[in-house]
Amino acid sequence: MNKEEVRVRFAPSPTGHPHIGNIRTALFNWLFARHSGGKFIVRIEDTDQSRKVEGALESILDSLKWLGLDWDEGPEIGGEYGPYFQSERLDLYHKHVQQLLDSGHAYKCYCSSERLEQMRKEMAERKESVRSYDRHCRNLSANEQAKFESEGITPIIRFKIPLEGETTFHDLVRGDITFQNTELDDIVLMKSDGYPTYHLANIVDDHFMKISHVMRADEWLSSTPRHTLLYQAFGWEPPLFAHLPMILGPDKSKLSKRHGATAVTEFQEQGYLPEAMLNFMALLGWSLDDKTEMFSKVDLIKLFSIERISKTAAVFNHEKLQWMNGTYLREFSHEELLSRINPILETQLPDTVNRPISKEYASQIVPLIQERINTLTEAATYADFFFVEQPEYEASLLIGKKMTEESTLRALKASQEILPSLHSFDHDTLENTLRAKADELGLKAGQLFSPLRAACTGRTASPGLFETMAVLGKERCLKRIAVAIQKLEPA
RNA sequence: GGCGCAUUCGUCUAGGGGUCUAGGACACCGCCCUCUCAAGGCGGAGAUCGGGGGUUCGAAUCCCCCAUGCGCUACCA
């Protein structure tokens, strides 16, 4: 094999929406390929017909596209070593499994699943270490085989693991790893439905697609000696292996739906930025040094290396992702942020708000919320009062600290009187006027501002009062103040 | 049960014999800023480096044992 050219692959099976762990694997492969000037290949491992999930393929491809992990060969674009769907490569697998049969490295197995189940049960009862298969058909005579064939049993094909010796392979992350061959079972290569198992298809494809490095999750480590033996049986040189640390949920178990949103597409829907997602995922199992943690995609490509992949599984920390997303959000220019937020506003603002949303108006709001949101979707929930006709809230919200119903009413009415006379409704005018008014009323600035804030926004927390009022405009502020006074005024 | 891998603050991690009385980040707490909330700045608390034996003048760093966690143990990937 030509080890000069780096060719790596992301080989998902279309059995569901890819979660952050799957895509992290894709990311590391992609990063390594781009770093080394090699090729990144996507291969779909659809050899299990029963587990196929509708829409999973699209979800996988969409996740990659969203993050900008472009592939050089694979679905939609093809390539020199296609097809890139295993279900379209069945002939290749049959041909090679036959080769193994002919060379005595594989054999047909006629055991029923019932017998297998029974066998495993008995082994467990006898407290023997449970084996997946007892090699019952490994040395069947020609007569016995003919008998099973005549009964119409479709055999599966198993790999003949050497009965003795040991198998060692080198892992780029963990070093040399050795397994006793006696610990290895005669794995299934070809299933009775004519589809290969992962083990066979994987080896055949990696070989013919000239894959130089296999970077996959840690859960595959135990399968690697079997794969090594398979390469030997074929007389092929195996690729280099690098097993990536797993990503776990908060309870330290394998990531699953139980852990809430883990599908990459869900993060997209929740308003996370692809650049933040990418940065965050890169740090799950990889680091540059003891302090750097903000990495652009270009940085990552330049700096990524297998040597700095860690060995330990990582718990997925949602809070840190959120922080990082907010950091990216804050670094955007107003124009950039607007362009990201606008589509969210369109879809997530209440139905009562007229569409399309005015970009000009939204652009005034963006600077006010930029440092107060951590995700794009928060823009719609945080800033909705800018868009609705009249925010809903309880009258009690108007009465702030150190304020009573009476003083609140007085403050609101005083504001109602002075605001119409303002020639300009900008930040400074508002601030000067209102501060003077507070003085005049014998109130602290905050005592006056809080009922005004509640009246104008329907919230106790909002962007700066004067900025907010300026954006809302004199007319709307006055209207909302009037509503507030009504809420407090005895009927 | 067997086999494999792993084990540094709650979490992500730095560390590869002395510079570590273990560094950074998220989260947490306090202070500053301040019209609220954030953001930002400053500071704090938080890990006897899973435990026990070695090796060494000296170990988070090397070796062994144990414990724990995770993974694999399917005609799933």
Side-chain angles (χ1 to χ4, degrees), chain A residues 11-15 45-48 50-51 109 111-113 116-117 120 123-124 127-133 154-158 171 173-174 177-180 182-185 187-193 195-199 201-202 216-225 243 245-246 248 250 252-254 280 283-294 308 310-324 326-327 330 369-374 382 400-401 431 434-435 438 444-450 452-454 457 459-466 468:
Chain A
S13 66
T15 53
E45 310 225 323
D46 54 349
T47 55
D48 187 343
S50 64
R51 290 209 311 155
C109 171
C111 294
S112 65
S113 45
L116 260 24
E117 203 176 310
R120 284 167 199 152
M123 276 185 166
K127 293 184 112 178
E128 282 176 33
S129 61
V130 182
R131 308 302 299 266
S132 68
Y133 186 54
T154 310
I156 58 171
I157 296 172
R158 288 182 184 274
D171 184 273
V173 175
R174 282 151 222 282
I177 296 168
T178 300
F179 284 72
Q180 295 303 314
T182 50
E183 296 296 335
L184 274 22
D185 291 310
I187 48 170
V188 176
L189 262 20
M190 194 61 80
K191 300 181 268 188
S192 56
D193 63 358
Y195 279 80
T197 59
Y198 168 86
H199 303 294
N202 191 263
R216 72 222 310 187
D218 217 14
E219 54 192 321
W220 295 106
L221 198 64
S222 307
S223 302
T224 309
H243 287 91
M246 307 263 289
L248 313 173
K252 304 208 176 202
S253 71
K254 213 168 160 179
F280 182 73
L283 259 16
L284 251 25
W286 177 85
S287 65
L288 201 230
D289 55 27
D290 59 341
K291 44 195 55 136
T292 321
E293 57 184 356
M294 298 302 285
R308 294 205 57 89
S310 69
K311 296 176 169 64
T312 60
V315 172
F316 168 60
N317 185 187
H318 205 128
E319 282 174 330
K320 188 156 182 174
L321 202 215
Q322 211 166 42
W323 163 80
M324 188 170 277
T327 303
R330 266 163 246 126
I369 63 173
Q370 182 159 28
E371 58 194 30
R372 288 169 238 261
I373 57 173
N374 281 321
Y382 186 82
K401 277 183 192 164
E431 174 153 23
L434 261 9
R435 280 194 190 280
K444 292 226 171 177
Q447 287 177 300
L448 170 62
F449 299 166
S450 66
L452 271 177
R453 163 173 290 106
T457 69
R459 310 274 173 82
T460 53
S462 78
L465 215 217
F466 317 117
T468 300

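Naming convention: chains lettered A, B, ... in sequence-line order (proteins, then strands); numbering from 1 in each chain.
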Quiz prompt | Contact pattern, 5' to 3', of nucleotides 23-32 of chain B - B, S or - by protein heavy atom under 4.0 Å | solution = BSBBS-----

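- Going from the P atom of B:U55 to that of B:G10 covers 32 Å, rounded to whole Å.
- In A:Lys444, the NZ atom is not crowded: 12 or fewer heavy atoms of neighbouring residues, nucleotides or ligands sit closer than 6.0 Å.
- For A:Glu183 and B:C5, the CD to P distance is 12 Å, given to the nearest whole Å.
- Atom-to-atom, CZ of A:Arg330 to C1' of B:A39 comes out at 6 Å; the value is rounded to the nearest Å.
- Distance CG (A:Leu288) to C1' (B:U13): 12 Å, rounded to an integer number of Å.
- Within the 3.5 Å criterion, the main-chain N or O of A:Ser132 finds a donor-acceptor partner in the side chain of A:Arg120.
- Using a distance-only test at 3.5 Å, with no hydrogens or angles considered, no donor-acceptor pair links the side chain of A:Arg216 to the main chain of A:Ala11.
- Put simply, CD1 on A:Ile369 is 17 Å from C1' on B:U36, counting in whole angstrom units.
- Regarding A:Arg453, its CZ atom lies at a distance of 12 Å from the P atom of B:A38, rounded to whole Å.
- Not one N or O on the side chain of A:Asp185 forms a donor-acceptor pair closer than 3.5 Å with the backbone of A:Ile187.
- The distance from atom CD of A:Glu371 to atom P of B:C33 is 17 Å, rounded to the nearest whole Å.
- Between the CZ atom of A:Arg372 and the P atom of B:G40 there is a distance of 12 Å, rounded to whole Å.
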Quiz prompt | Nucleotide-resolved protein contact map, nucleotides 69-76 of chain B, B/S/- at heavy-atom distance under 4.0 Å | solution = -SBSSSBB

